[in-house]
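Here the structure is laid out as structure tokens; the discussion comes afterwards.
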Amino acid sequence: MVMRLLRVLILRGVALTNIIIAIVVSLVLSLFFKIAKNSKPIEATDGVYTLCYSNHIKWGCMGLIIFAVVGLTALLFKSLIKDNGDLIAVLSMYGALFLFGLYFYIEFFTVKILVSDSGVTGTSGWRGRRTYAWEDIKEITYSPTSMWFKISSSKAPPLRVHALISGISVFQQLYIEKLPQEKWVKAQEKFSQDKRVNK
């Protein structure tokens with residue numbers, strides 16, 4: 001029953017569904033950009049700034065996952081599983097939601113960037129902890145597609161700092177102050193042209 005319902009929805013509502021998804025994603029991203037722009041970094045007493053995703057973004061993403069799980073569960077009570085195809089479809093959707101939830105948790109709850117006069121330290125569930133002294137940084141670039149700064153160093157793998165992280169302006173002020181202009185000027189130009197983060 002669920003598979004038949006999905007097929008009918010897909011066949012009849014592809015255009016409308018795509019429009020609704022595009023609108024919802026645009027609204028959520030706009031909200032995230034607004035929240036990130038207004039979020040401030042945490043300053044420790046020794047001049048170290050902690051940059052992380054704001055609680056609104058963290059819990060907003062987890063709320064979307066919870067909403068999707070509740071919606072899927074409500075759909076199951078309305079249309080019970082009739083055959084193996086339905087069971088596979090339902091388990092696949094729950095599996096996808098679990099993977100999205102895991103991704104959101106690792107990205108939004110474990111990523112922290114510490115910036116200070118001595119350098120940058122990045123901590124995440126993806127790559128652990130990495131430290132970069134300002135003098136070891138070869139270049140900072142910005143990717144408008146991914147919306148992140150990439151720190152390239154001769155002594156460690158690259159570190160990415162997302163533009164939605166709170167306190168991104170503190171990170172920018174410090175690299176402008178601590179690094180020669182040729183190491184960051186292209187990144188700054190691309191970032192300033194990215195209208196999504198500079199509204």
Side-chain angles (χ1 to χ4, degrees), residues 25 28-66 95-181 183-188 190-192 194 196-198:
V25 167
V28 169
L29 285 175
S30 296
L31 179 64
F32 284 174
F33 294 142
K34 185 171 178 58
I35 290 168
K37 197 149 187 81
N38 294 330
S39 296
K40 305 288 185 244
I42 302 165
E43 183 182 4
T45 55
D46 56 354
V48 176
Y49 291 90
T50 302
L51 285 58
C52 58
Y53 292 100
S54 75
N55 286 332
H56 294 95
I57 291 177
K58 291 175 186 178
W59 293 109
C61 286
M62 297 312 283
L64 290 173
I65 295 295
I66 292 167
L97 289 174
F98 172 77
L99 291 175
F100 279 122
L102 182 62
Y103 170 80
F104 286 152
Y105 175 78
I106 292 172
E107 179 63 26
F108 295 121
F109 286 83
T110 68
V111 170
K112 286 185 177 48
I113 307 294
L114 306 174
V115 292
S116 68
D117 287 336
S118 59
V120 180
T121 299
T123 309
S124 79
W126 304 113
R127 291 191 172 188
R129 184 179 179 97
R130 289 166 288 154
T131 300
Y132 305 82
W134 291 114
E135 57 270 12
D136 295 334
I137 294 175
K138 291 193 307 189
E139 180 183 37
I140 294 180
T141 58
Y142 179 75
S143 168
T145 305
S146 303
M147 293 176 41
W148 62 42
F149 291 91
K150 184 172 92 175
I151 299 172
S152 299
S153 169
S154 55
K155 297 190 176 183
L159 174 69
R160 291 173 182 87
V161 180
H162 202 282
L164 283 180
I165 209 159
S166 66
I168 196 71
S169 60
V170 171
F171 168 67
Q172 291 174 294
Q173 288 168 358
L174 278 170
Y175 75 63
I176 288 171
E177 179 184 318
K178 299 293 181 182
L179 295 174
Q181 186 175 1
K183 291 187 176 187
W184 55 261
V185 68
K186 289 180 185 174
Q188 199 63 23
K190 285 184 180 180
F191 180 80
S192 64
D194 192 344
R196 296 168 299 173
V197 292
N198 288 299

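Note that the structure is a prediction, hence the values are computed from the model and not measured. Just so you know, residue 1 is the first one in the sequence shown, and it goes up from there.
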Do T121 and T131 get their side chains close enough for a donor-acceptor pair, meaning under 3.5 Å?
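Result is yes, a qualifying pair exists.
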Within the 3.5 Å criterion, strictly below it, is a donor on T145 or S143 matched to an acceptor on the partner's side chain?
no
Heavy-atom closest contact (P158 atom, R127 atom, distance):
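That closest heavy-atom pairing would be O-NH1, 3.3 Å.
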Return the minimal non-hydrogen interatomic distance between M62 and F104, and the atom names on each side.
SD-CB, 4.0 Å
[X] versus [Y]: any side-chain heavy-atom pair under 4.5 Å?
X	Y	result
W184	Q181	yes
V115	Q173	no
V111	I106	no
K138	K183	no
L174	W134	yes
I140	F171	yes
F149	I168	yes

Atom [atom1] of [X] and atom [atom2] of [Y]: how far apart are they, to the nearest 0.5 Å?
X	Y	atom1	atom2	result
H162	C52	NE2	SG	14.5 Å
W148	R160	CH2	CZ	5.0 Å
Y132	K155	OH	NZ	13.0 Å
M147	D194	CE	CG	6.0 Å

Test of understanding: with salt bridge (Lys or Arg N to Asp or Glu O under 4.0 Å), list the residues that count as partners of K112, not counting sequence neighbours.
none
Does NZ in K58 sit with more than 12 non-hydrogen atoms of other residues, nucleotides or ligands closer than 6.0 Å?
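Yes - once you tally the heavy atoms of other residues, nucleotides and ligands closer than 6.0 Å, there are more than 12.
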Given the options L51, I151, T123, V170, I113 meets side chain to side chain contact (heavy atoms under 4.5 Å, CB included) only with L51
Please confirm whether F109 and W59 have ring centers closer than 6.0 angstrom.
yes
Go through the steps to decide whether K186 and T141 satisfy the test side-chain contact (heavy atoms from CB on, under 4.5 Å), and finish with yes or no.
CA-CA 7 Å; K186 289 180 185 174; T141 58; over 6 Å; no
Kindly write out the residues that satisfy ring-ring contact (aromatic ring centres under 6.0 Å, His included) with Y103, not counting sequence neighbours, or none if the list is empty.
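Partners of Y103 by the ring-ring contact (aromatic ring centres under 6.0 Å, His included) criterion, ordered by chain and then number, come out as W126.
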